[in-house]
Amino acid sequence: MRTAQLGTTQIHLQGKLPLTGDRLVADFAIPPARLAAGPLLASDLRMGFVVVSTLPNIEKHACLAQIVELEERTYQWVPELRIVHVSADQESHWREVDRFHPNIRAAGYSLCCADPVSRNAFVEAFGIGVEGHQRIAHGLFGLRDGVFLAADIPDDQMKPADVRGFLTRVAALAGQKERSSTVQEQ
């Protein structure tokens, strides 16, 4: 079983961490929470170049830092990349993002209001479930046309994900190495 740290507590993660080359085969519908007209469907992640950002609690620093840094770096490094955030907490928690970072353009979705089948399918597909909790692990997942390019779930769930390192890997795997290297040196 995979584990991660949450402060001084060790948590057990559920679901299989997707490997490079794995295809997203699950089906789900995750309700919209911010800047989305409809639910996030698995089919939405099977088209184009996308990063899925998973967040246990938007009101905590590590999650908010992940949202902001993804926004700042992604459109500089890989402009064609689409960002999707999926949180475990309620839609109302997204107001924190709007209040302090109104220029964030990425859509947000909330698992807390998803039907149990969709919630479980999403959590299992991304390997972000936390045994015995409704919370999820925060992580970053790069997909191109429904195929996982990279997945990163930080071992220390109290710290922000390494967005810069993740985007560098995803850009390289997607054939964007030259652009990410040039921007990284600046």
Side-chain angles (χ1 to χ4, degrees), residues 1-6 10-28 30 40-58 60 62-75 77-78 80-89 106-111 114 118-131 133-177 180 184:
M1 179 163 281
R2 294 178 305 116
T3 62
Q5 285 299 122
L6 182 61
Q10 188 175 57
I11 58 174
H12 297 277
L13 301 177
Q14 297 175 310
K16 179 182 164 272
L17 183 66
L19 302 174
T20 300
D22 285 353
R23 180 166 292 285
L24 177 63
V25 294
D27 282 314
F28 49 78
I30 309 303
L40 174 65
L41 304 175
S43 58
D44 297 331
L45 303 179
R46 292 185 188 118
M47 295 181 298
F49 195 14
V50 62
V51 163
V52 176
S53 162
T54 59
L55 308 155
N57 185 345
I58 297 168
K60 297 294 184 185
C63 291
L64 196 54
Q66 182 170 310
I67 292 170
V68 172
E69 189 174 3
L70 264 175
E71 187 84 14
E72 290 173 351
R73 293 193 184 277
T74 298
Y75 299 119
W77 290 17
V78 193
E80 66 274 18
L81 190 60
R82 185 170 39 103
I83 304 169
V84 172
H85 297 288
V86 179
S87 71
D89 43 7
Y109 302 86
S110 289
L111 282 170
S118 284
R119 184 190 191 291
N120 188 52
F122 182 87
V123 165
E124 289 292 320
F126 288 84
I128 55 168
V130 177
E131 186 177 80
H133 295 279
Q134 286 296 98
R135 88 176 270 122
I136 58 174
H138 71 92
L140 297 169
F141 305 86
L143 297 101
R144 176 167 261 160
D145 297 327
V147 176
F148 286 92
L149 299 174
D152 184 24
I153 297 175
D155 290 331
D156 185 345
Q157 287 285 299
M158 298 295 277
K159 293 183 179 176
D162 177 13
V163 171
R164 183 181 183 137
F166 178 79
L167 288 175
T168 299
R169 283 193 344 260
V170 168
L173 290 166
Q176 302 290 321
K177 190 172 187 172
S180 67
Q184 193 173 22

Do Ile128 and Leu13 have side chains that approach each other closer than 4.5 Å (heavy atoms only, starting at C-beta)?
no
Under a 3.5 Å distance rule, please check whether Thr20 uses its side chain to pair with a backbone N or O of Leu149 as donor and acceptor.
yes
Side chain to side chain contact (heavy atoms under 4.5 Å, CB included) with Asp27: which residues, sequence neighbours excluded?
Ala42, Arg46
Has Asp152 got a side-chain atom pairing as donor or acceptor with Gly139's backbone, closer than 3.5 angstrom?
no
For residues Gln157 and Val130, determine if any side-chain heavy atom of one lies less than 4.5 Å from a side-chain heavy atom of the other.
no
Taking C-beta and beyond as the side chain, do Phe148 and Leu19 meet within less than 4.5 Å on heavy atoms?
no
All heavy atoms of His138 vs all of Ala161, minimum pair found to be CE1-N, 3.7 Å
Are Val51 and Phe166 packed together at the side-chain level, in the sense that at least one heavy-atom pair is separated by less than 4.5 angstrom?
yes
Is the shortest heavy-atom distance from the side chain of Leu45 to the side chain of Leu40 under 4.5 Å?
yes
Nearest heavy-atom approach of Tyr109 to Ile30 is CD2-O, 3.4 Å
OG of Ser53 to CD1 of Ile67, rounded to nearest 0.5 Å, is 6.0 Å
Evaluate the side-chain proximity of Asn120 to Phe28: yes if any heavy-atom separation is below 4.5 Å, no if none is.
no
Report yes or no: does Ser110 contribute a side-chain atom to a donor-acceptor pair with the main-chain N or O of Asp89 at less than 3.5 Å?
yes
Would you compute the distance between atom CD1 of Ile153 and atom CZ of Phe126 and round it to the nearest 0.5 angstrom?
10.0 Å
Please tell me if the side chains of Leu167 and Leu70 come closer than 4.5 Å, counting only heavy atoms from C-beta onward.
yes
Which pair of heavy atoms, one from Gly15 and one from Glu124, lies closest together, and at what distance?
CA-OE1, 3.4 Å
Does Ile136 reach the side chain of Arg119, with side-chain heavy atoms less than 4.5 Å apart?
yes
Which atom pair, heavy atoms only, marks the closest approach of Asp22 to Lys16?
OD2-NZ, 2.8 Å
